[in-house]
Every structure is written in structure tokens, then in C-alpha cells.
Student: 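Below is one structure. I have some questions about it.
Predicted, not measured: the structure shown is a model, and the values here were computed from it.
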Amino acid sequence: MSKRTVFVAGLLLLVPHVWVAAAAADAPELITLSLPKGDPEAGRAAFQKLGCIICHRVVGEDFPKPTSATPGPTLGGFLGRQSAAEVGMSIFDPSHEIRAVVRGNGKKSPMSDFTEVITVGQFVDVIAYLQSLR
């Protein structure tokens, strides 16, 4: 079982209703689920604890300057206009937007895979924090 399967399985424990549909035999499964509302303050703390500030600058925050050789995008108010699913997908599979919008050449995001270190609680809290940015 892959680590992403385990992570998604953990998410499924949080919701009463799950809809799963397989499009084609070789297509990935599409899963729609509802997550509990996260706590933005706990998400801010988790954002720091997980080391997100090493790569990301956050508009309006006085976090230390990112030190990564491959910094990620600056995060700000635009995340408040995205759905929780869109924000969550950017954490869960950061390359999906890069391939589709930014680079379009199949390159992968340098962002680490957090599925083995982030808890489901931290995940929903970080989403709430990012959506609270103004």
C-alpha cells in the first residue's frame, strides 16, 4: 500500500460520506470527501513546525526569510479565494498546478512529499490557515 493510499485512508476516517468513481481502468480514482473545518491558528503553528517557512514566504507574516535553494511561491490572500480542495491538492500533490499552469513541461515541484509526516489534523489546520491569509 502506498503512503498516499494510507494518507487518503486516514482522511476517509474523518467523513461520513465518501463517493468513489473510477473513470477508466488506467485512470486514477477520483475521490470526493468533506473534511472537518480546521483551526487557522493551529495551522499557522503546524506550517512552521513542518518547515514550510524554509521554502515559502507568507504575505503579512514576519516569519524568517526562506532559506531553501529552491524556494516555493509566496503565499498570500489568493489562497482565501480557493476552495479547501484546491489548497489541499497544492499540499498533497504540488506538481499538479505546476504541470498544468506554470511550467507546462512536465517538471515536478521541488516540494517535499509530506504524506508521511503531516497528520490529518495538521492537514486541515494548514488548509484553514492558508485560506485565512488576507
Side-chain angles (χ1 to χ4, degrees):
M1 187 179 300
S2 75
K3 57 188 167 189
R4 287 191 178 189
T5 301
V6 171
F7 186 75
V8 170
L11 291 176
L12 296 179
L13 296 174
L14 293 175
V15 294
H17 305 290
V18 177
W19 173 71
V20 179
D26 61 341
E29 276 188 75
L30 302 174
I31 300 173
T32 302
L33 51 95
S34 298
L35 295 173
K37 213 167 180 68
D39 174 2
E41 284 301 313
R44 184 180 187 277
F47 189 84
Q48 293 176 79
K49 181 179 179 180
L50 292 165
C52 304
I53 61 175
I54 293 170
C55 297
H56 294 282
R57 190 174 80 75
V58 179
V59 175
E61 293 281 14
D62 60 350
F63 295 138
K65 183 178 177 182
T67 58
S68 172
T70 56
T74 297
L75 305 176
F78 69 94
L79 292 166
R81 295 185 297 275
Q82 291 186 324
S83 71
E86 291 170 316
V87 176
M89 189 61 157
S90 295
I91 297 167
F92 190 60
D93 183 13
S95 293
H96 83 284
E97 282 293 318
I98 289 176
R99 285 192 301 267
V101 179
V102 180
R103 296 184 184 158
N105 60 8
K107 288 190 177 178
K108 294 233 178 226
S109 167
M111 186 168 153
S112 299
D113 180 350
F114 284 89
T115 56
E116 290 187 1
V117 295
I118 194 170
T119 67
V120 174
Q122 287 173 319
F123 183 67
V124 296
D125 290 342
V126 169
I127 291 171
Y129 165 63
L130 294 174
Q131 286 191 301
S132 76
L133 297 174
R134 299 282 177 246

Student: Between atom SG of Cys52 and atom CD1 of Ile118, what is the distance when rounded to the nearest 0.5 Å?
Tutor: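 Atom-to-atom, Cys52:SG and Ile118:CD1 are 7.0 Å apart.
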Student: Going by salt bridge (charged side-chain N to carboxylate O under 4.0 Å, His left out), name the residues that satisfy it together with Glu61, two or more places apart in sequence or in a different chain.
Tutor: Arg44
Student: Parallel, tilted or perpendicular: which one describes the rings of Phe47 and His56, with boundaries at 30° and 60°?
Tutor: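 Ring orientation of Phe47 relative to His56: tilted.
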Student: Using a 3.5 Å distance criterion without hydrogens, assess whether the side chain of Asp125 forms a donor-acceptor pair with backbone atoms of Asp39.
Tutor: yes
Student: Is the shortest side-chain heavy-atom distance between Leu130 and Leu75 below 4.5 Å?
Tutor: yes
Student: Report the residues that fulfil side chain to side chain contact (heavy atoms under 4.5 Å, CB included) with Pro40, sequence neighbours left out, ordered by chain and then residue number.
Tutor: Ala128, Ser132
Student: For Ile53 and Val58, what are the C-alpha separation, side-chain angles and deciding distance, and is it a side chain to side chain contact (heavy atoms under 4.5 Å, CB included)?
Tutor: CA-CA 8 Å; Ile53 61 175; Val58 179; 5.5 Å; no
Student: Which residues pass the side chain to side chain contact (heavy atoms under 4.5 Å, CB included) test with Ser68, not counting sequence neighbours?
Tutor: Ile54, Cys55, Thr70
Student: Please report the interatomic distance CG(Leu79) to OH(Tyr129), rounded to the nearest 0.5 Å.
Tutor: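 Leu79 CG to Tyr129 OH: 10.0 Å, rounded to 0.5 Å.
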Student: Indicate, with yes or no, if Phe78 and Leu133 share a hydrophobic cluster defined by side-chain heavy-atom contacts under 4.5 Å among Ile, Leu, Val, Met, Phe, Trp and Tyr.
Tutor: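 Shared cluster, yes.
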Student: Gln82 side chain to Gln131 main-chain N or O, any donor-acceptor pair under 3.5 Å?
Tutor: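 Here the side-chain-to-backbone pair does not exist.
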Student: Kindly compute the distance separating CZ (Phe123) from CD1 (Ile91), expressed to the nearest 0.5 Å.
Tutor: 5.5 Å
